[in-house]
Amino acid sequence: MQVFTSLLVLGIVFGVFIVTDLRSYKQRKENAMMSLAQVTSTNSISMIQFQDNEAAKEMLSGLQSVSPDIISSAITDSSGKIFAVSVRQGVDSFQIPQGLKDRKTAFINHHLYVRHDIIQNGRTLGTVYLVAGLADLREIKKMKYGIALTLLLLAIVVSFLIGFLIQSYISKRLLNLVATMKEVSKTNDYTRNIAGETGKDEIGTLIRVFNNLLQQVNENQKKKDEFIGIASHELRTPLTSIKGYVEMLHEMETKEPNKFLVQKAFDNVNKLEKLIKDLLDVSKIQRGQLELTMRDFNLGHLIDETIAAFQMVAPSHEIIRSYDLENTIVHGDRQRIEQVLTNLLSNAIKYSPEGKKVIVSSNQTNSEVMIKIRDFGYGVPEAEQSEIFERFYRTKNTSITISGFGLGLYICRDIISRHHGKIGVGIEDKGSTFYFTLPLKSLNASLN
Ligand code: ADP
C-alpha cells in the first residue's frame, strides 16, 4: 500500500513538474517573439511611410537568421492589406490565423503566432505578424516524458525491491513470534524468549512485551514451584505422625462406630499422604532432582505383585492378567515403575465406576516391552489425549466429578521418559487403553 501511494505521489509530482516546465518554456518563447515583433514594428515605421516594401521584405527575411524558429512573417498596412511578407523555404504561404484577431499571441497547431501593431504618434500604421515553429517544444516534451517514465519505472523497481525486503524482514520476525507462541503454548516452557530483537517498530515492541510476559510467567511459575516444594515438605512431617497415631487407634479400637470412624480418618490420611508425595515428586521433577535407582528386575513379577496388592483394596473391579512376562527383565527403578503401574491401575478403576473389569496385557518386540491397561470407563476425548499428561490437567468433561489433582500422569510421563520409554493413551469404543513402553534390558543398560 505504501509503495503504491509513493508511486502515485511520484507520478503526480512528475506530471506537475512537466506541465510547469513546458508552460515556462512557452512563456519564454512568447516573450522572445513579442520582443522581436516589437523591434520589427519600430523598424518598419519608416518603411511603411516611404512605401518601401522591398526593404521591409529584406528586414523580415533577416529575422530568420536572428531567430531560426521563425517560419514566416508579414507586415500589413493600416487597411490590413499585406505590405511585405517573408516565408521560409518549404512553407506554402502566410495567412493571418482567425484566433489572433483580438490577441497578441496564440499557440495554434504547433505554431506560435505573434502580432504587434505599428504605432506612431497614436496612429496605427500597420501590424507585424511573426509565426514561429515549435519543433523543439515537441523534442523537449518527448525528452521530458522519456525521463519521467524512466524515473517512474526505476522508482517502481526500487520501491518494490525495498518493499519486498522490508516485507520479508517484517514477516520473518512475525513468523518467528507466532512459532515461539505456539511452541510455548504447546510445551509450557516459559524459559524461552525471542533473542536478538532490536527493532524499534511495533513488531519489536510486541516481541519485547512478549518476552517480558514470558519472563514474568516464568518467575511466577518458579515461585509457585518453590511454594509447592516447601509446603509439601513441611506438611509431610506432621502428617507422618498423624498417620502413626491414626494407625495405632485403628488397631486399638474394636468397637463400632468408633472403628468405622477411625477407618474413615485413616483413608483420608492416606489420600493426603499420596497428594503430598505427588507434590514432592512434581517439585523434584521441576528441579530435575527426581532420582532413579537403576537395577535389573523382573517386570512380570512386579506387575503380578502390584495387581495382587491392588485387587485387595479395589474389590469392585476384576483385574485380568493377559500377559506373559515371566522372563522379561528390564533395567530401571523398580519402585518408580511400580508407581507408574499403581497410578494407571488406580485411574483405570477410578474413571470406570460402572466398569467391572480392567485388563492388563503386554506386547514385546526385540527392543522393547509394552504394558497396556485397558478399562471400560469414561475414556479420554481425542482432543485431551496429549493434554492429560500435563501438570495439573484435569478433564474438561464436567459430568465427571471424580476428585484428583492432575499430577499422576505427569509424574508417570516423567518417570517413563527417563527410562527412555513412551507413554500414551488410545481410544476404545468404550473406555481407554493407557500404555507405556520400556526398552529391554540390553538396550536400556547401554542407554544408562
Ligand atoms: P487425577 O486423576 O488426579 O486427576 P491424573 O494425572 O492421573 O490426575 O489424570 C489426569 C486426567 O486424565 C484425569 O483428570 C482424567 O480426566 C484423565 N484420566 C486419567 N486416567 C483416565 C482413565 N483411565 N479414563 C479416563 N480418563 C482418565
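In each ligand, atom 1 is the first atom listed, and ligand 1 is the first ligand listed.
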| query | Does R374 count as lying over the ring of F376, i.e. NZ or CZ under 6.0 Å from the six-ring centre, within 45 degrees of the axis? | reply | yes
| query | If we only count heavy atoms from C-beta on, is the I388 to T395 side-chain gap below 4.5 Å? | reply | no
| task | Hey, could you give me each pair passing side-chain hydrogen bond (donor to acceptor under 3.5 Å, both in side chains) that has a residue in residues 200-209? Not counting sequence neighbours. | result | R173-D201
| Taking all non-hydrogen atoms of both residues, which atom of Q311 and which atom of I319 are closest, and how far apart? | OE1-N, 2.9 Å
| task | Work out which heavy atom in S362 is nearest to a heavy atom in L325; give both atom names and the distance. | result | OG-CD2, 3.7 Å
| said: List the protein residues in contact with ligand 1, where contact means a heavy-atom separation under 4.0 angstrom. | reply: N347, A348, K350, Y351, D375, G379, V380, I388, Y393, R394, T395, G404, F405, G406, L407, G408, L409, S432, F434
| query | When you look at CG of D324, are more than 12 heavy atoms from neighbouring residues, nucleotides or ligands closer to it than 6.0 Å? | reply | no
